[in-house]
Participant: 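Pasting a structure here, questions to come.
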Amino acid sequence: MNPPRIVVVGAGHVGLYTALRLSKKLNRNHAEVVVIDPVPHMTYQPFLPEAAAGSISPRHAVVPLRRELKKCRIVSGEVTKVEHASKTVTIQPIDGPSYEMAYDHIIVAPGSVSRTLPIPGLSEIGIGLKTIGEAIYLRNHILDRLDVAAVTPDPEVRKASLNFVFVGGGFAGIEALAEMQDVVADALKYYPELDPKEVHFILVEATNRILPEVGPEMGAYAARQLAARGVDMRLDTFLNSCVDGKIELSDGDSFRAETLVWTAGVKPSPMLQQTDLPLGPRGHVNCLPTLQIATLEGEVLEGAWAAGDCAQVPDLTNPGGWCSPSAQHAVRQAKVLADNIRQVILGGAPTEYRHKHVGGVAGLGINKGVAHVYGIKVKGYPAWLMHRFYHVSRIPSFNRKVRVLADWVLAFVLKRETVALGQLHRPREEFLEVTPPVAPKPKAEEKSEEKVASASR
């Protein structure tokens, strides 16, 4: 008899940590673990701002699935449909036709995508910060804008190139803005043509505070620090339009900018709409505290589990609330999820996920940060150290921990590189310029050439 098959949809924080723990807790006679994801790595998203800033090599901010999950089967493809009624998933591989795979247990963890709004021009110039590709692109784009500003004779182009707009005042937006401001400050040492006073970083946040995860006091401190560094803080403000790079804000101000970074929240993966699983009002999979998927009436769907950004999990420490879409919850839910599946397979009962929020840490650039952990408030250099060492302790595998630490040491001794590699995004452009396209020959001409070649033989 074949062991039960556990299919893990998505290899983010939940998918990787759950699969890793299952592969340690269950041998191949107990279960087969199959991990399905379009990309061959897990991205440790808290390191994206540092990867964009050049403090960490982009390769070291991701965890290779095949290297880390040696006891699991890795399928490089996208799940396009889940039919739990028949316990099958439809997989679209990187190449070739789609096919179905049966399962006994499914872990639905495709994560989230950027939550955007129907703002005119956003799809044309906006940049997200959810993937390692976006982090690399953001770094190259911002450094490229300095090159443009340094040589253009057009003052309007120069101003637009040196305006950097970040929308969203959560962890991702604030850390990315602070890191990139440090990068630009370092780079300006090599641009005598540019005056630092010409550079403007603008934060647009719809609420009246930033970094709510670290509490109002530390959030206010972070806002004061950023304002003192010259960041233009636009709180209680919305982005109304950005057509052709013209930024129009709800406070009535308008200006041109060639950089717009969108980090204003996330929403569940659209893939969930292609399932027969019960969804909550915001599109999340409905879960019980045991991380079992259940109908909105509370009836458990046997063999169906979910956690992380895509799941609607009751927060037992805050009755009536839901667990927030954070890495902190995802990592801890993954542990409970793996243990619950093991318990069920071995004939036991699942336990409930209960986690008391320990607080948060945020980096504000090199040697600067804020933290509110277990009620203790820390700021400045100590908070920055807490931020770094917390996340290096969380990233999976000893290999990645060592590489990240080595990157930090090298960046401290040799300073960060401030060179753009924009050709990464257009690798064939130069080759195509020297390789003109050749028009296909008419079929009659091809047949004539074939006859000549045949006669010569």
Side-chain angles (χ1 to χ4, degrees), residues 47-58 61 127 129 134-152 157-169 171-205 210-211 221-234 247 255-261 263 362-370 379-381 383-385 387-388 407-422:
F47 277 156
L48 288 180
E50 291 207 53
S55 297
I56 296 174
S57 168
I127 306 169
L129 196 61
E134 289 175 326
I136 296 170
Y137 178 83
L138 176 60
R139 170 184 174 79
N140 290 329
H141 173 79
I142 286 181
L143 292 175
D144 182 63
R145 293 306 92 193
L146 299 184
D147 287 324
V148 170
V151 299
T152 180
V157 172
R158 184 183 179 101
K159 288 180 182 179
S161 295
L162 297 178
N163 283 336
F164 305 104
V165 182
F166 288 72
V167 181
F171 275 136
I174 295 301
E175 290 186 346
L177 183 152
E179 290 285 353
M180 297 316 297
Q181 188 189 40
D182 274 357
V183 169
V184 170
D186 287 343
L188 286 177
K189 300 172 186 176
Y190 309 105
Y191 288 87
E193 308 93 338
L194 300 178
D195 185 343
K197 294 180 181 178
E198 296 180 277
V199 178
H200 297 100
F201 278 82
I202 301 103
L203 174 69
V204 180
E205 165 57 37
I210 64 171
L211 293 176
Y221 167 82
R224 291 194 299 271
Q225 290 297 307
L226 292 174
R229 288 161 55 178
V231 176
D232 186 355
M233 310 286 290
R234 304 294 184 94
I247 308 297
F255 52 89
R256 302 196 68 81
E258 294 185 6
T259 305
L260 174 65
V261 185
T263 61
L364 300 177
I366 295 294
N367 299 334
K368 301 175 284 288
V370 291
K379 54 191 176 183
Y381 185 72
W384 176 75
L385 285 179
H387 169 263
R388 281 202 157 184
D407 284 341
W408 284 339
V409 171
L410 289 172
F412 175 77
V413 174
L414 302 176
K415 306 306 178 184
R416 292 184 296 197
E417 293 288 350
T418 53
V419 60
L421 298 176

Participant: How far apart are the closest heavy atoms of Leu203 and Gly168, and which atoms are they?
Facilitator: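 Heavy atoms only, the tightest pair is CD1-O, 3.5 Å.
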
Participant: Among pairs that include at least one residue of residues 136-148, which meet salt bridge (charged side-chain N to carboxylate O under 4.0 Å, His left out), considering only residues two or more places apart or in two chains?
Facilitator: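 Found Arg145-Glu258.
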
Participant: Output the distance between atom CG (Leu421) and atom CG (Leu143), rounded to the nearest 0.5 Å.
Facilitator: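 Output value for this atom pair is 9.0 Å.
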
Participant: So, does Ser161 use its side chain to make a donor-acceptor pair with the main chain of Val157 at under 3.5 Å?
Facilitator: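 Looks like yes, one N/O pair under 3.5 Å.
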
Participant: Is it the case that the side chain of Glu175 and the backbone of Pro49 share a donor-acceptor pair, with hydrogens and angles ignored and the cut-off at 3.5 Å?
Facilitator: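 No; judged by distance alone, with no hydrogens or angles, the pair does not exist.
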
Participant: Of the non-hydrogen atoms in Ala135 and Leu48, which two are nearest, and what is the gap between them?
Facilitator: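 Heavy atoms of Ala135 and Leu48 come nearest at CB-O, 3.8 Å.
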
Participant: Under the side-chain contact (heavy atoms from CB on, under 4.5 Å) rule, what do Leu385 and Arg388 come out as? Steps first, then yes or no, please.
Facilitator: CA-CA 5 Å; Leu385 285 179; Arg388 281 202 157 184; 5.7 Å; no

Participant: For residues Ala178 and Gly365, report the shortest heavy-atom separation together with the two atoms involved.
Facilitator: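 Ala178 and Gly365 have their closest heavy atoms at CB-N, 3.7 Å.
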
Participant: As an exercise, state the distance from CD of Glu417 to CG of Leu410, rounded to the nearest 0.5 Å.
Facilitator: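 Glu417 atom CD to Leu410 atom CG measures 10.5 Å (nearest 0.5 Å).
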
Participant: Any salt bridge (charged side-chain N to carboxylate O under 4.0 Å, His left out) pairs touching residues 176-186, not counting sequence neighbours?
Facilitator: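 Every pair satisfying salt bridge (charged side-chain N to carboxylate O under 4.0 Å, His left out) with a residue in residues 176-186: Glu179-Arg416, Asp182-Arg229, Asp182-Lys368, Asp186-Lys189, Asp186-Arg416.
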
Participant: Taking all non-hydrogen atoms of both residues into account, name the closest pair between Val370 and Ala222 and its distance.
Facilitator: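 Nearest pair, atom of Val370 first, then Ala222: CG1-CB, 4.3 Å.
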
Participant: To the nearest 0.5 Å, what is the distance between CG (Leu226) and OH (Tyr221)?
Facilitator: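 Leu226 CG to Tyr221 OH: 10.0 Å, rounded to 0.5 Å.
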
Participant: I'd like to know whether Leu194 forms a side-chain contact (heavy atoms from CB on, under 4.5 Å) with Val199, so could you lay out the CA-CA distance, the side-chain angles of the two residues, the decisive distance to 0.1 Å, and finally the verdict.
Facilitator: CA-CA 9 Å; Leu194 300 178; Val199 178; 6.0 Å; no

Participant: Can you check side-chain contact (heavy atoms from CB on, under 4.5 Å) on Phe164 and Val261, steps first, answer last?
Facilitator: CA-CA 8 Å; Phe164 305 104; Val261 185; over 6 Å; no

Participant: Drop me the distance from Leu129's CG to Tyr137's OH, to the nearest 0.5 angstrom.
Facilitator: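 Interatomic distance, Leu129 CG to Tyr137 OH, rounded to 0.5 Å: 13.5 Å.
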
Participant: Which heavy atom in Asp407 sits nearest to a heavy atom in Ser57, and how many Å separate them?
Facilitator: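 Taking Asp407 first and Ser57 second, the nearest heavy atoms are OD2-N, 3.0 Å.
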
Participant: Return the CZ to CD distance between Arg158 and Glu193, rounded to the nearest 0.5 Å.
Facilitator: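 Going from the CZ atom of Arg158 to the CD atom of Glu193 covers 8.0 Å.
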
Participant: Show the nearest heavy-atom pair for residues Trp408 and Ile56, with the distance to one decimal.
Facilitator: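 Distance-wise, the nearest heavy atoms are NE1-CG1, 3.6 Å.
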
Participant: For Val165, is there any backbone N or O sitting under 3.5 Å from a side-chain donor or acceptor partner on Thr259?
Facilitator: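 Not at all, since once roles are kept as given, no pair shorter than 3.5 Å links the two residues.
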
Participant: Nearest 0.5 Å, please: how far is CG in Asp232 from CZ in Phe201?
Facilitator: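 Atom-to-atom, Phe201:CZ and Asp232:CG are 12.0 Å apart.
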
Participant: Taking salt bridge (Lys or Arg N to Asp or Glu O under 4.0 Å) as the test, write out the residues that go with Arg256, two or more places apart.
Facilitator: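 Scan of Arg256 (salt bridge (Lys or Arg N to Asp or Glu O under 4.0 Å), adjacent residues dropped) gives none.
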
Participant: CD of Glu198: more than 12 outside heavy atoms within 6.0 angstrom?
Facilitator: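 Buried by this count: over 12 neighbours within 6.0 Å.
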
Participant: Might you work through the side-chain contact (heavy atoms from CB on, under 4.5 Å) test for Phe171 and Leu211, ending with a clear yes or no?
Facilitator: CA-CA 6 Å; Phe171 275 136; Leu211 293 176; 3.8 Å; yes

